[in-house]
Trainee: 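Got a structure for you, questions after.
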Amino acid sequence: MSKFHLLIVKFTSPTVRRDPPPHLQAMLRPAYLSKKLTSPIPTKDGGTLRTILEACEYMAAIGKERELRPHWQQVRELMLQEPDVAAVSWKLRLAILKDAKLDVSKVPAK
């Protein structure tokens, strides 16, 4: 089971407090962290990203090597600006796709 999957289980468990981790509280407003992405993003890591908070947690779990790639740095910088969720959703999906971690078999057809 991946670290990301464990994080999703942690945040979806009804007995676990749903407050964002302290380092995220300091950087992003809780209202922004709770915003839903434009559509769920399934990953090959075993989870599905649905909110900005889940995206942040995913980024925290991907490891230093991936985190330092330019496309992830762009996602991080964009998130810190708290732009429209559509912009973050697009950049996030693109970064996951660039890492070959987007589970295209679970992406809903439009």
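What's counted below: heavy atoms across the whole structure, side chains too, no hydrogens, waters or symmetry copies.
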Trainee: Go through the steps for Arg50 and Ser39 under the test side-chain hydrogen bond (donor to acceptor under 3.5 Å, both in side chains), then give the verdict.
Mentor: CA-CA 7 Å; Arg50 291 182 176 84; Ser39 62; over 6 Å; no

Trainee: With a cut-off of 6.0 Å (strictly less than), are more than 12 heavy atoms of other residues, nucleotides or ligands near CZ of Arg76?
Mentor: no

Trainee: Can you name the nearest heavy-atom pair linking Ile96 to Tyr58, along with the distance?
Mentor: CG1-CE2, 4.2 Å

Trainee: For the pair Gln73 and Leu68, evaluate side-chain contact (heavy atoms from CB on, under 4.5 Å) and give the outcome as yes or no after the intermediate values.
Mentor: CA-CA 6 Å; Gln73 291 298 308; Leu68 294 174; 4.2 Å; yes

Trainee: How long is the straight-line distance from CZ of Arg66 back to NE2 of His71, given to the nearest 0.5 Å?
Mentor: 7.5 Å

Trainee: What are the two closest non-hydrogen atoms of Leu28 and Leu80, and how far apart are they?
Mentor: CD2-CA, 4.0 Å

Trainee: Rounded to the nearest 0.5 Å, how far apart are CD of Glu67 and NZ of Lys64?
Mentor: 4.0 Å

Trainee: Report the distance from atom CD1 of Ile52 to atom CD of Glu57, rounding to the nearest 0.5 Å.
Mentor: 12.5 Å

Trainee: Same cluster or not: Leu97 versus Trp90, using hydrophobic residues (I, L, V, M, F, W, Y) connected whenever any side-chain heavy atoms lie under 4.5 Å apart?
Mentor: no

Trainee: Does a side-chain heavy-atom distance below 4.5 Å link Leu37 with Leu49?
Mentor: yes

Trainee: Which heavy atom in Pro83 sits nearest to a heavy atom in Val88, and how many Å separate them?
Mentor: CG-CG2, 3.6 Å

Trainee: When rounded to the nearest 0.5 angstrom, what distance separates CZ in Arg29 from OG in Ser34?
Mentor: 9.0 Å

Trainee: Quick check: closest heavy atoms across Leu33 and Cys56, and the distance to 0.1 Å?
Mentor: CD2-SG, 4.0 Å

Trainee: Could you state whether Met59 and Leu53 fall into the same hydrophobic cluster, counting links through intermediate Ile, Leu, Val, Met, Phe, Trp or Tyr residues with side-chain heavy atoms under 4.5 angstrom apart?
Mentor: yes

Trainee: Could you give the distance from CH2 (Trp72) to NZ (Lys98), rounded to the nearest 0.5 Å?
Mentor: 11.0 Å

Trainee: Roughly how far, to the nearest 0.5 Å, is NZ of Lys44 from CG of Asp103?
Mentor: 7.0 Å

Trainee: Would you say the side chain of Thr51 lies within less than 4.5 Å of the side chain of Lys35, judging by non-hydrogen atoms?
Mentor: no

Trainee: Whether the side chain of Asp84 engages the backbone of Ala86 through a donor-acceptor N/O pair (distance < 3.5 Å, no angle test) should be reported.
Mentor: yes

Trainee: So, the side chain of Ser89 versus the backbone of Thr38: is there a donor-acceptor pair under 3.5 Å, distance only?
Mentor: yes

Trainee: How far apart are the closest heavy atoms of Thr48 and Pro40, and which atoms are they?
Mentor: CG2-CB, 3.5 Å

Trainee: Specify the closest pair of heavy atoms between Lys101 and Asp45, including all atoms of both residues, with the distance to one decimal.
Mentor: CD-OD1, 3.8 Å

Trainee: Starting from Leu94, can I reach Val85 by hopping between I/L/V/M/F/W/Y residues whose side chains sit under 4.5 Å apart?
Mentor: no

